[in-house]
Number of protein chains: 2
Amino acid sequence: MQLSNSSQYAIRILAYMADQKDSELMNATELAEVLDIPYKFLAKIMTELVKVGLVVSIRGREGGYKFEKKTSEIMVSDILDIFNDSIKDEQCVLGIGFCNGMCKCALHDQWMEPKHLLQKMFRESSLEDIAGRGCKI
Amino acid sequence: MQLSNSSQYAIRILAYMADQKDSELMNATELAEVLDIPYKFLAKIMTELVKVGLVVSIRGREGGYKFEKKTSEIMVSDILDIFNDSIKDEQCVLGIGFCNGMCKCALHDQWMEPKHLLQKMFRESSLEDIAGRGCKI
DNA sequence: GTTTAATTCTACCTTTAAGTAGTAATTATA
DNA sequence: TATAATTACTACTTAAAGGTAGAATTAAAC
Ligand code: SF4
Ligand code: SF4
């Protein structure tokens, strides 16, 4: 009942980047150091973020990563999607989900409300919301 | 963002057992067959359920498993606890949770409500509630 | 052009969850 | 007492996630 490591790292990376508005371009070495994420693993994650178009990479000397879109337009759910961690509409709490609407277990209806709250939270919170408070996550 | 396989299986097993009130004692072979869970894996899970005292096992010929407590007294969260899948009070949505109360990200407060709903749901739903509807989960 | 600081790629290693196999122990029943 | 049916135990294998290493590639700077 938790996000994958990759999602957690990705969120922390992007939130940190969003915080450093002044220095547009951030390199992997610094990110890994300050966020205490294994350098190579971070690089792997960054590559995925680039592939999916959230950030762009500038290769070569003086290179680094920067946002492709405004941080207010990048939602947490966009990040979770990449690592297949977002909550699908049809997802059962238990993860079982054979049961059809006709024959519901006691949890079925109770799950709707927290599910919607979570989806709303992930879909409506942008990186700008998460960062921009002067504190690291 | 999902329960482990073991938790899912355990819930399905116990829910099925709860449904079969007539035949008190259920054996692993039948459970594995009807629930379509690998026999050996099921046996392993059952051993854990026995260890933790949710069910008792009768060994030897004509043996099997039966509940130790009333199914109305076994809560979903009791099962999740066994496989370390329940939602801890201090658990952050993102799973990060370095952040103290002083410096909260935008998700921090939004997470409280769905978290409490989920905890309540797991803690207050018994096996009797989940089963007893004539449908398999 | 060469050097150098940076990203990217491919392939591998490690750890944990999931699943399997075989055998020992237990007990009702014939 | 022998047999068959059943759980318990120990150890292994497989699959997936998490993480690492090193070479290849890129492009600024000199
Ligand atoms: S009825 Fe229960 S087990 Fe089935 S899909 Fe709904 S919540 Fe999941
Ligand atoms: S502030 Fe955000 S990241 Fe930190 S513990 Fe709270 S929810 Fe988690």
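Throughout, protein chains are lettered first and strands after them, A, B, ... in sequence-line order, and every chain is numbered starting at 1.
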Counting only side-chain heavy atoms from C-beta out, which of dG19(C), dT23(C), dT7(D) sits nearest to K40(B)? dT23(C)
Does dA8(D) have OP1 or OP2 under 4.0 Å away from a side-chain N or O of S57(B)? yes
Output the distance between atom CG (L107(A)) and atom CG (L118(B)), rounded to the nearest 0.5 Å. 10.0 Å
What pair of heavy atoms forms the shortest contact from I87(B) to R123(B), and how long is it? O-NH2, 4.3 Å
Pick base, sugar-phosphate or nothing for A28(A), based on heavy-atom distances below 4.0 Å to the nucleic acid. sugar-phosphate
Starting at atom CD of E24(A), determine the distance to atom P of dA6(C), rounded to an integer number of angstrom. 17 Å
Go nucleotide by nucleotide along DNA chain C from the 5' end; which of P38(B) and T47(A) gets its closest nucleotide reached first? T47(A)
Please report, rounded to the nearest Å, how far the C1' atom of dT7(D) is from the CE atom of M17(B). 13 Å
Taking only the side-chain heavy atoms of S6(A) (C-beta and beyond), determine which of dG18(D), dG19(C), dT29(C) contains the nearest atom. dG18(D)
I need the CD1-C1' distance between I58(A) and dT4(C), as an integer number of Å. 18 Å
Separation of dG19(D) P from D36(A) CG (nearest whole Å): 11 Å
Tell me whether the side-chain N/O atoms of N27(A) come closer than 4.0 Å to OP1 or OP2 in dA5(C). no
NA contact type, Y39(A), heavy-atom cut-off 4.0 Å: base, sugar-phosphate, or nothing? base
Expressed in angstrom and rounded to an integer, what is the separation of E30(A) atom CD from dA6(C) atom P? 10 Å
Measure from the side chain of Y9(A), starting at C-beta and using heavy atoms only, and say which of dA11(D), dG22(C), dG19(D) lies closest. dG19(D)
Around atom CD of E24(A), are there more than 12 heavy atoms of other residues, nucleotides or ligands at under 6.0 Å? no
note: F41(B), atom CZ; dA17(C), atom C1'; distance rounded to Å ~ 8 Å
Under 4.5 Å between any side-chain heavy atoms of E68(B) and V55(B), yes or no? no
Side chain of E62(A) only, please: which of dG19(D), dG18(D), dA29(D) is the nearest? dA29(D)
Ignoring hydrogens and geometry, is there a side-chain-to-backbone donor-acceptor pair from S7(A) to L3(A) under 3.5 Å? no
Does CG belonging to D36(B) count more than 12 external heavy atoms closer than 6.0 Å? no
Using the C1' atoms of five pairs at each end, what's the angle between the two axes of the helix from dG1(C)-dC30(D) to dA30(C)-dT1(D), to 10 degrees? 10°
Of dA5(C), dA4(D), dA8(D), the nucleotide closest to the side chain of R61(A) is dA5(C)
Do K44(A) and dG18(D) share a donor-acceptor pair, side chain to base, under 3.5 Å? no
With salt bridge (charged side-chain N to carboxylate O under 4.0 Å, His left out) as the test, would you mind laying out the steps for E124(A) and K120(A) before giving the verdict? CA-CA 6 Å; E124(A) 297 182 2; K120(A) 184 180 160 73; 3.1 Å; yes
Quick one: I45(A) CD1 to dT8(C) P, roughly how many Å, whole number? 13 Å
Please give, in whole Å, the distance from dA6(C) P to L31(A) CG? 12 Å
Upstream residue (5' side of DNA chain C) when G64(A) and N5(B) are each assigned their closest nucleotide: G64(A)
G60(B) or G60(A), whichever maps to the more 5' nucleotide of DNA chain D: G60(B)
Across the strands shown, which category fits F83(A) at heavy-atom distances under 4.0 angstrom: base, sugar-phosphate, nothing? nothing
N27(A) and E62(A) side chains, donor-acceptor separation under 3.5 Å: no
